[in-house]
Amino acid sequence: MAVLKWLSICLTLFCQGTAASKPCRWTQFRLGKLNDVSINLLSEMGGLFPLMCAEENVEQMFPEDLYKNTEGEDVSVVALEAMRYVEQLYNNSLTSVTWNKTKLNMFQNVIYRQVQNLELCVVGGVWESSGDGGSVTLKTYFNKLNTFLKEKEHSACAWEIVRKEIRENLVQFKKFIDSRVKP
């Protein structure tokens, strides 16, 4: 009986270890594609950066090394955190924007789908943040964007700057995904 319990424990630990060491299949095959869709929708929903906003355009807030600080993190965990921040940001007051509403709704839906699927990946595995700074940097970056929107009272130009920032974020995130996820 003791041998059977011991064998059961070993098998359970082996299965958990194997599951935790394999990346989520959804992350491997769908995350990059949906990230590309998000980038395209951001570009299409508002078009070119408006000339009227050129004076308000601020220096890029996106830290170039944002995703380099997440080297010890699982891709699914980093992706989930980033997509949750994007989702929260685009749940703010969007009344002043003049973007294509259909494309905006599609963008929000794609981000929502990514969050839902990434939650399944993260909850389905044994992932924990290693706390090596990526999470703090992500949080700081998105707090800056939220503060900027509030200071500018969610104006159309403030949203254009945020849209440009998020697009750059997703382009850099794409590079991060491509460097870490191998199908």
Side-chain angles (χ1 to χ4, degrees), residues 26-27 30-50 52-70 73-123 129 131 133-177:
W26 186 88
T27 302
R30 294 294 298 151
L31 181 60
K33 290 177 180 142
L34 286 178
N35 190 64
D36 289 342
V37 170
S38 299
I39 292 168
N40 289 333
L41 286 169
L42 274 173
S43 297
E44 293 170 4
M45 72 186 190
L48 297 174
F49 190 79
M52 67 181 202
C53 299
E55 287 181 21
E56 283 191 52
N57 198 10
V58 295
E59 201 171 299
Q60 182 175 325
M61 292 181 250
F62 183 77
E64 293 295 328
D65 63 346
L66 178 65
Y67 294 109
K68 289 178 184 154
N69 289 336
T70 60
E73 304 272 350
D74 182 87
V75 173
S76 298
V77 173
V78 175
L80 176 59
E81 187 174 6
M83 292 305 113
R84 278 182 176 162
Y85 283 126
V86 172
E87 182 181 43
Q88 290 169 2
L89 189 66
Y90 279 85
N91 282 335
N92 278 313
S93 174
L94 292 160
T95 56
S96 64
V97 299
T98 57
W99 301 331
N100 179 312
K101 299 295 186 211
T102 302
K103 301 277 186 188
L104 173 59
N105 287 335
M106 288 171 66
F107 172 75
Q108 289 172 314
N109 287 333
V110 169
I111 296 297
Y112 175 78
R113 270 191 10 221
Q114 289 179 73
V115 168
Q116 296 303 304
N117 283 293
L118 287 164
E119 283 175 346
L120 292 174
C121 287
V122 172
V123 171
S129 172
S135 297
V136 172
T137 308
L138 262 174
K139 184 176 183 175
T140 302
Y141 170 66
F142 280 96
N143 282 341
K144 281 182 187 177
L145 293 178
N146 272 316
T147 301
F148 178 74
L149 280 170
K150 287 176 188 171
E151 287 173 356
K152 299 292 183 175
E153 298 176 345
H154 295 86
S155 70
C157 285
W159 272 111
E160 286 296 339
I161 292 166
V162 167
R163 180 175 67 100
K164 184 179 83 171
E165 283 284 326
I166 295 299
R167 187 181 182 289
E168 178 61 25
N169 178 330
L170 293 178
V171 167
Q172 294 303 318
F173 184 65
K174 172 72 172 155
K175 291 177 185 176
F176 168 75
I177 295 169

[X] side, atom [atom1]; [Y] side, atom [atom2] - distance, nearest 0.5 Å:
X: Asn146; Y: His154; atom1: CG; atom2: NE2; answer: 7.0 Å
X: Gln108; Y: Leu94; atom1: CD; atom2: CG; answer: 6.0 Å
X: Tyr85; Y: Leu80; atom1: OH; atom2: CG; answer: 10.5 Å
X: Leu42; Y: Ile111; atom1: CG; atom2: CD1; answer: 7.0 Å
X: Asn40; Y: Leu170; atom1: CG; atom2: CG; answer: 10.5 Å
X: Lys152; Y: Cys53; atom1: NZ; atom2: SG; answer: 10.5 Å

Query raised in the report: Quick check: does any side chain N or O of Asn35 sit under 3.5 Å from a backbone N or O of Leu31, one acting as donor and the other as acceptor?
Result: no
So which atom in [X] and which in [Y] form the shortest heavy-atom distance, rounded to 0.1 Å?
X: Lys103; Y: Leu41; result: CD-CD2, 3.8 Å
X: Cys121; Y: Ser76; result: CB-OG, 3.9 Å
X: Asn100; Y: Thr102; result: OD1-N, 2.9 Å

A side-chain contact here means heavy atoms from C-beta on lying under 4.5 Å apart; do [X] and [Y] qualify?
X: Arg84; Y: Glu119; value: yes
X: Met83; Y: Phe173; value: yes
X: Arg113; Y: Arg30; value: yes
X: Glu165; Y: Phe142; value: no
X: Lys144; Y: Thr140; value: yes
X: Asp74; Y: Val122; value: no

Query - Steps toward side-chain contact (heavy atoms from CB on, under 4.5 Å) verdict (Val110, Gln114) - result: CA-CA 6 Å; Val110 169; Gln114 289 179 73; 3.4 Å; yes
Requested in this report: Assign the ring pair Trp99 / Trp159 to parallel, tilted or perpendicular, where the plane angle (0 to 90°) is split at 30° and 60°.
Outcome: perpendicular
Report summary line: Checking Val86, Val171, Ile161 against Ile166 for side chain to side chain contact (heavy atoms under 4.5 Å, CB included), the one that qualifies is Val86
Report task. Dump the intermediate steps for salt bridge (charged side-chain N to carboxylate O under 4.0 Å, His left out) on Arg163 and Glu160, then the final yes or no. Result -> CA-CA 5 Å; Arg163 180 175 67 100; Glu160 286 296 339; 2.7 Å; yes
Query raised in the report: Passes side-chain contact (heavy atoms from CB on, under 4.5 Å), Tyr141 versus Asn169? Steps please.
Result: CA-CA 10 Å; Tyr141 170 66; Asn169 178 330; 3.2 Å; yes
